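Reading through the structure tokens given below for one structure.
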Amino acid sequence: MTAYTSDLLKTLSERGYIHQCTDAEALDAAASKGTICAYIGFDCTAPSLHAGSLLGIMMLRKLQQSGHKPIVLMGGGTTKVGDPSGKDESRKVLTDDDISANMAGIREVFTKFLEFGDGPTDAVMVNNADWLDELNYISFLRDYGRHFTVNRMLSFDSVKLRLEREHPLTFLEFNYMILQAYDFLELHRRYGCTLQMGGSDQWGNIVNGIELSRRVDSAELYGLTTALLTTSSGAKMGKTAAGAVWLNADMLSPYDYWQYWRNTEDADVGRFLRLFTELPLDEIEKLESLDGAELNEAKKTLATQATRLAHGDDAAAQAAETARQTFEQGTLADGLPTLDIDPAKLKNGVGILTLTVEAGLAATNGEARRAISNNAIAVNDIRITDPKHTVGESDLVQDGAIKLSFGKKRHVLIRPA
RNA sequence: GGAGGGGUGCCCGAGUGGUUAAAGGGGACGGGCUGUAAACCCGUUGGCUAUGCCUACGUUGGUUCGAAUCCAACCCCCUCCA
């Protein structure tokens, strides 16, 4: 690996963010000389970003910490088209209302990771619908479409994949790469943005933007990608039992978020500590050199540090404490997810199936029933074997709650209220 | 517009008149082992007021005692031709 002189590239490369870079030396020089401005685009397909987007978010954070200006580009316009990269099938078309609701949720996430404002290194958030919506088809084609050959567009992975697998690629989606290329050009014009970052699946789109800007504006822009993040066993990051690992607290509690990181595979601990926490590298080296069960300490550190960034110190500490009480002491921890229940109902006794469903541990009675026959359901740590079992006031333990568990890891406190 | 191929459960994919809630695989979840890890082994994987009932193989009708399987129309996708 080249020895970089800029803080930015030094940090990014030491921590393992960099996969490919269009012209690392020139970018390094530019970043050492002064403030640069860089962007990453985010889709607006869901009301929150999830752990899969975290790499990008962290890079923008590192960028800002190294004294540069991050731009968060919301794909309000491009989401209407749908990025075919890495996808077999076209995406559902979202309505404008969906998109703007999603954008509002996503905005939340970024306020945790970046400082927004008007200063030279303050982050800004822009929406590409601002310029894409107004494009005039004919003039856009004449001014920009002329710089793309279909020959080359067909050679991109995102397109090739669909063609080879004989899956349909609509003309709408085919245009995506041109629009993203145009975004880069537009951001360069508006903000002097010279760097686009993204996942390795974005390489083609990024390079297109660089080339377009060079041809149209003679601008010299850079691209940098990160390796697509998977766990050591090859699973995609960010998915779990309950669904995606959302970054918004209202979609996934800080406790569950902490748990997600706590359950990291051994082989990923060091890598994740570098990417998703801000601990100094020497400390990380110490943590990852732990052996066997001791590595669990490193996982706890990872979980707490990662949770701090997304949810703040207090929430992280509380999640750690809740986990400690639950898993290490086997006691009831207040911080577990809670379900309030009508005391009158409890007095009469509530069926275990109903309770499991209401607590959100199972989606249907049938699932709860199956879980019971799989030995998965426990009340106050006592296995339930009878689907007709009822829970009542007598099950309330010390601090007036009932602990309902699905498997060894998922617990909910039932409280009369 | 024409010819041919196709639409099956979370995904892939078998099934071409009955014992089919639908083989097999993947994924996911649970149990065991462990360290809240990986690997491995075992199990589960449509719903319900549950020894029965309901819903389900693109949609709507039809044939039949009986259909994912046969017929008709329609919708959608793919390939080739115009």
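Here the structure is a predicted model, which means the values were calculated and not measured.
Here B/C48 presents its P atom at 15 Å from NZ of A/K388, a figure rounded to the nearest Å. With rounding to whole Å, A/E297 atom CD is found 15 Å from B/A37 atom P. As rounded to whole Å, 5 Å separates atom C1' of B/U36 from atom CZ of A/R262. The CH2 atom of A/W258 sits 11 Å away from the P atom of B/U36 (whole-angstrom rounding). B/G35 atom C1' lies 5 Å from atom CG of A/N296, rounded to whole Å. Between the CD1 atom of A/I377 and the C1' atom of B/U44 there is a distance of 13 Å, rounded to whole Å. Spacing between atom OH of A/Y255 and atom P of B/U36 amounts to 13 Å, rounded to whole angstrom units. Note: CZ (A/R324) to C1' (B/U36) measures 15 Å, nearest angstrom.
Rounded to a whole angstrom, the distance from the C1' atom of B/A56 to that of B/G46 is 7 Å. Spacing of C1' atoms, B/C76 relative to B/G27, comes out at 27 Å, to the nearest Å. Taking the P atom of each, B/U19 and B/U34 are spaced 45 Å apart, rounded to whole Å. Using C1' as the reference atom, B/U69 and B/A23 are 15 Å apart when rounded to the nearest Å. Taking the P atom of each, B/G15 and B/C70 are spaced 13 Å apart, rounded to whole Å. B/C29 and B/C71: their C1' atoms are spaced 43 Å apart (whole Å). A distance of about 14 Å separates the P atoms of B/C11 and B/C57, rounded to the whole Å. The P atoms of B/G30 and B/A39 are separated by 15 Å, rounded to the nearest whole Å.
One finds no side-chain N or O of A/K409 lying less than 4.0 angstrom from the OP1 or OP2 phosphate oxygen of B/G31.
For A/D314, the CG atom counts as loosely surrounded, since its 6.0 Å shell holds 12 or fewer non-hydrogen atoms of other residues, nucleotides or ligands.
Side chains of A/Q180 and A/Q202: a donor-acceptor N/O pair is present below 3.5 angstrom, by distance only. No side-chain donor from either of A/Q259 and A/R262 sits under 3.5 Å from a side-chain acceptor of the other.
Between the side chain of A/H68 and the backbone N or O of A/I36, at least one donor-acceptor pair lies under 3.5 Å. At least one donor-acceptor pair closer than 3.5 Å links the side chain of A/T338 to the backbone N or O of A/L336. The closest donor-acceptor contact from the side chain of A/D28 to the backbone of A/S6 lies under 3.5 Å. Using modelled atom types, no side-chain atom of A/Q329 and backbone atom of A/R324 make a donor-acceptor pair closer than 3.5 Å. With hydrogens and angles ignored, the 3.5 Å screen pairs no side-chain donor or acceptor of A/N248 with any backbone N or O of A/M251.
Between the side chain of A/Q259 and the base of B/U36, a donor-acceptor pair under 3.5 Å is found. Taking 3.5 Å as the limit, the base of B/G47 and the side chain of A/N365 contain no donor-acceptor pair of atoms between them. Residue side chain A/K300 does not reach the base of B/U36 through any donor-acceptor N/O pair under 3.5 Å, judged by distance alone.
Backbone-only engagement by A/R370 is indicated by non-hydrogen atom pairs under 4.0 Å involving sugar-phosphate atoms exclusively. At the heavy-atom level, A/N375 lies under 4.0 Å from the strands shown only through sugar-phosphate atoms. Across all strands, A/G292 comes closer than 4.0 Å to base atoms (heavy-atom distances). Within the nucleic acid shown, A/E294 has no heavy atom closer than 4.0 Å to any nucleic acid atom.
Which of B/U49, B/G47, B/U36 sits closest to the side chain of A/R369 comes down to B/U49. Closest approach to the A/N374 side chain among B/C33, B/G43, B/G35 is made by B/G43 (side chain taken as heavy atoms from C-beta onward). When distances run from any side-chain atom of A/R410 to the nucleotides B/C29, B/C48, B/U36, the shortest one goes to B/C29. Here B/G30 is the nucleotide among B/C48, B/G32, B/G30 with the atom lying nearest to any side-chain atom of A/F406.
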- How is the base pairing of RNA chain B summarised as a dot-bracket string, given the Watson-Crick and G-U wobble criteria with both distances under 3.5 Å, [ ] for crossing and | for another strand? ((((((((.[[[..)..(.....]]]((((((.......))))))(((...)))...[[[[[..)....]]]]]))))))).
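Nearest-nucleotide positions on RNA chain B place A/T264 closer to the 5' end than the other of A/T264 and A/E367. For the pair A/G366 and A/K299, both in contact range of RNA chain B, the more 5′-proximal nearest nucleotide belongs to A/K299.
Using cut-offs of 30° and 60° for the angle between ring planes, the A/F272 and A/F276 rings count as perpendicular.
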